[in-house]
2 protein chains.
Amino acid sequence: MTARADIERNGELCIAWNEAGLVPAIAVDAISGRVLMLAWMNAEALERTLATGQAHYYSRSRQRLWKKGETSGAVQRLRELRVDCDQDTILLIVDQAGEGACHTGARSCFYRRVARGADGAIRLAFVSSENPPVACEASGTEGEQG
Amino acid sequence: MTARADIERNGELCIAWNEAGLVPAIAVDAISGRVLMLAWMNAEALERTLATGQAHYYSRSRQRLWKKGETSGAVQRLRELRVDCDQDTILLIVDQAGEGACHTGARSCFYRRVARGADGAIRLAFVSSENPPVACEASGTEGEQG
């Protein structure tokens, strides 16, 4: 087992997969710098992403490898892949093709912010800069299609 | 159970906690726009964050609520909190106090990128713009202190 200080400082890729063999992967738009989405990767998804230069994830709902944009065309070309200090999270800097990363049609999946209503209650408000969906269809998976 | 299309479109905060009662939370620097870190939140961490305007997380290693910067002073003042389409990930836009978000001293936890060595092998290279740590100490937790 590699010591923690080594995992944080050295040059060895040594992903700390969780008990399901996955880690969260954050995709960031290379041009705007904004966070597009969070998905999950297993070892195969990471390997395919590095080998092809196209973002691949692991769909927990469908329990299979998933090339981002395989049906929608909204592929993500990898510019850079990073790991965090303890190597249990991956960051992808990508060129996002198509309208955006979110299956709803929004540019980013993070198109709603928490806001207080006039009555002080917590509500969600759409963030106009993220081109939030005006309509979307339920499709039974967990937001990972496309 | 709220229908998926409603979860994606409506104004109700309805977090899809995982089986451990947690969701990943991405912290983004309000000024640079860069991703600082990924940690985990439970319902109490979310509530405390919204109530105090200071980022709180749940430490999986210590199994307790954790106010970011409680020991290091590197607190995160919340500017905006967002949810993703299916509400299983939180995004915090924060003003990061101190040197940075990472317990190693780096500005961002994502201070290493995957690179190919001269021999074609995959290695990690430091990203100079993230002020990567030149030295750090092992402390036995999972990178969540500070």
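Chain A is the first sequence line, chain B the second, and so forth, proteins listed ahead of strands; every chain is numbered from 1.
- Counting heavy atoms of neighbouring residues, nucleotides and ligands inside a 6.0 Å radius, atom CZ of B:Arg48 does not exceed 12 of them.
- Interatomic distance, A:Asp84 CG to B:Leu38 CG, rounded to the nearest 0.5 Å: 7.5 Å.
- Under a hydrophobic clustering in which Ile, Leu, Val, Met, Phe, Trp and Tyr are joined whenever their side-chain heavy atoms come within less than 4.5 Å, directly or via other members, B:Leu65 and B:Leu78 fall into different clusters.
- To the nearest 0.5 Å, atom CZ of residue B:Arg112 and atom CD of residue A:Glu8 are 7.5 Å apart.
- When each of B:Arg116, B:Arg123, B:Glu130 is scored by its heavy-atom pairs under 4.5 Å with chain A, the top score falls to B:Arg123.
- No side-chain heavy atom of A:Val114 sits less than 4.5 Å from a side-chain heavy atom of B:Arg82.
- In terms of heavy-atom pairs under 4.5 Å with chain A, the best-connected choice from B:Ile93, B:Leu50, B:Val28 is B:Leu50.
- The contact between A:Leu13 and chain B is made by backbone and side chain atoms together, counting heavy-atom distances below 4.5 Å.
- Using a 4.5 Å heavy-atom threshold, the side chains of A:Arg9 and B:Leu124 count as separate.
- Two residues are said to be in side-chain contact when any heavy atoms from C-beta on lie closer than 4.5 Å; B:Val35 and A:Arg34 fail this criterion.
- Residue A:Thr104 holds its OG1 atom at 10.0 Å from CG of B:Asp86, rounded to the nearest 0.5 Å.
- Considering every non-hydrogen atom in both A:Val127 and B:Glu80, the closest pair reads CG2-OE2, 4.2 Å.
- B:Glu99 CD: 12 or fewer foreign heavy atoms inside a 6.0 Å radius.
- In this structure, the portions of B:Val83 lying under 4.5 Å from any heavy atom of chain A include both its backbone and its side chain.
- No side-chain heavy atom of B:Ile90 sits less than 4.5 Å from a side-chain heavy atom of A:Phe110.
- In this structure, the side chains of A:Asp88 and B:Arg60 come closer than 4.5 Å at one or more pairs of heavy atoms.
- At a threshold of 4.5 Å between side-chain heavy atoms, the hydrophobic network of Ile, Leu, Val, Met, Phe, Trp and Tyr places B:Ile15 and B:Leu81 in one connected group.
- Hydrophobic clustering (ILVMFWY, side-chain heavy atoms < 4.5 Å, transitive): A:Tyr57 and A:Trp17 are in one cluster.
- Residues A:Ile26 and B:Thr89 have side chains not in contact (no heavy-atom distance under 4.5 Å, counting atoms from C-beta outward).
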